[in-house]
Amino acid sequence: MEYEDFINAVATRAKVSTDQAATLTRATLETLGDRISAGKADDLAYQLPEGLDDLLRKPPPLQGRTEHAKSFGFEEFVRRVADRHTVDRSLAGVGVGAVLTTLREAVSRDDFENAMAQLPKEFRQVVEPVGAAGGRRPGS
């Protein structure tokens with residue numbers, strides 16, 4: 001998936017402009033990089049286009065220190081996304097779901113599932129079902 005395709009998919013899902021989608025994507029991927037292990041973040045980043053890949057990666061820790069994922073739930077995740085780039089909190093919640101759903105489409109199923117396994121179950125509730133169009137199946 002190309003950078004523009006990713007941003008356009010987020011914009012469509014979140015019903016926002018591409019500029020807002022880019023901001024939401026940046027904030028969500030940076031926060032996700034804080035929330036999951038560095039190894040899982042690298043697995044996802046490796047599959048993302050240039051311009052998105054580095055958002056998940058963190059610089060190596062200082063010598064003698066180890067870097068661990070930070071543990072926090074969905075509401076705190078949304079708050080951090082909103083605070084990161086001064087995004088409206090209600091838009092941040094919708095944006096997180098749009099970015100995670102688009103991320104699922106951009107990376108391998110196993111890598112996405114392994115990353116999601118490090119998050120509380122409430123994160124799965126904001127990811128659209130496979131094959132959903134705007135969160136709803138055609139004809140429903």
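Computed over heavy atoms, backbone and side chain alike; hydrogens, waters and symmetry mates excluded.
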Are Val126 and Phe6 co-members of a hydrophobic cluster defined by side-chain heavy atoms under 4.5 Å apart? yes
Would you kindly confirm whether Val94 and Val81 end up in one hydrophobic cluster when ILVMFWY residues are joined by side chain heavy atoms under 4.5 Å apart? no
Nearest 0.5 angstrom please: Leu52 CG to Glu2 CD, how far? 10.5 Å
CG of Asn114 to OG of Ser37: how many Å apart, nearest 0.5 Å? 9.5 Å
Could you give all pairs that pass the salt bridge (charged side-chain N to carboxylate O under 4.0 Å, His left out) test and reach residues 80-93, with sequence neighbours left out? Glu30-Arg84, Asp34-Arg84, Glu75-Arg89, Glu76-Arg80, Arg79-Asp83
Under 3.5 Å, side-chain donor or acceptor atoms of residues 21-28 against the rest of the protein: list the pairs with distances, not counting sequence neighbours.
unit_1 : atom_1 : unit_2 : atom_2 : d
Thr23  : OG1    : Asp19  : O      : 3.2
Thr25  : OG1    : Ala21  : O      : 2.8
Thr28  : OG1    : Leu24  : O      : 2.8

Starting at CZ of Phe123, measure out to CG of Leu32 and round the result to the nearest 0.5 Å. 8.0 Å
Which residue pairs pass the salt bridge (charged side-chain N to carboxylate O under 4.0 Å, His left out) test when at least one of the two sits in residues 36-53, sequence neighbours left out? Asp42-Arg57, Asp53-Arg57
Measuring from Leu44:CG to Leu55:CG, what's the distance to the nearest 0.5 Å? 12.5 Å
Please report the shortest heavy-atom distance between Ser17 and Ala11, naming the atom on each side. O-CB, 4.0 Å
Using side chain to side chain contact (heavy atoms under 4.5 Å, CB included) as the criterion, point out the one residue from Val96, Val99, Leu100 that pairs with Val127. Leu100
So if you build clusters from Ile, Leu, Val, Met, Phe, Trp, Tyr with side-chain heavy-atom gaps below 4.5 Å, do Phe112 and Phe74 land together? yes
Could you state the interatomic distance from CG (Leu103) to CG (Leu48), rounded to the nearest 0.5 Å? 6.0 Å
Can you tell me how far the CG atom of Leu91 sits from the CD atom of Gln20, to the nearest 0.5 Å? 5.5 Å
Flag the pair Thr31 / Val78 as yes when at least one side-chain heavy-atom distance between them is below 4.5 Å, and no otherwise. no
Give the ring-plane orientation class for Phe72 versus Phe77, where under 30° counts as parallel, over 60° as perpendicular and anything between as tilted. tilted
What one should report as the nearest heavy-atom pair of Ala98 and Val10 is CB-O, 3.9 Å
Ignoring hydrogens and angles, tell me if any N or O in the side chain of Arg35 forms a donor-acceptor pair with the backbone of Gln118 under 3.5 Å. yes
Nearest heavy-atom neighbours spanning Met1 and Thr102: SD-CG2, 4.0 Å
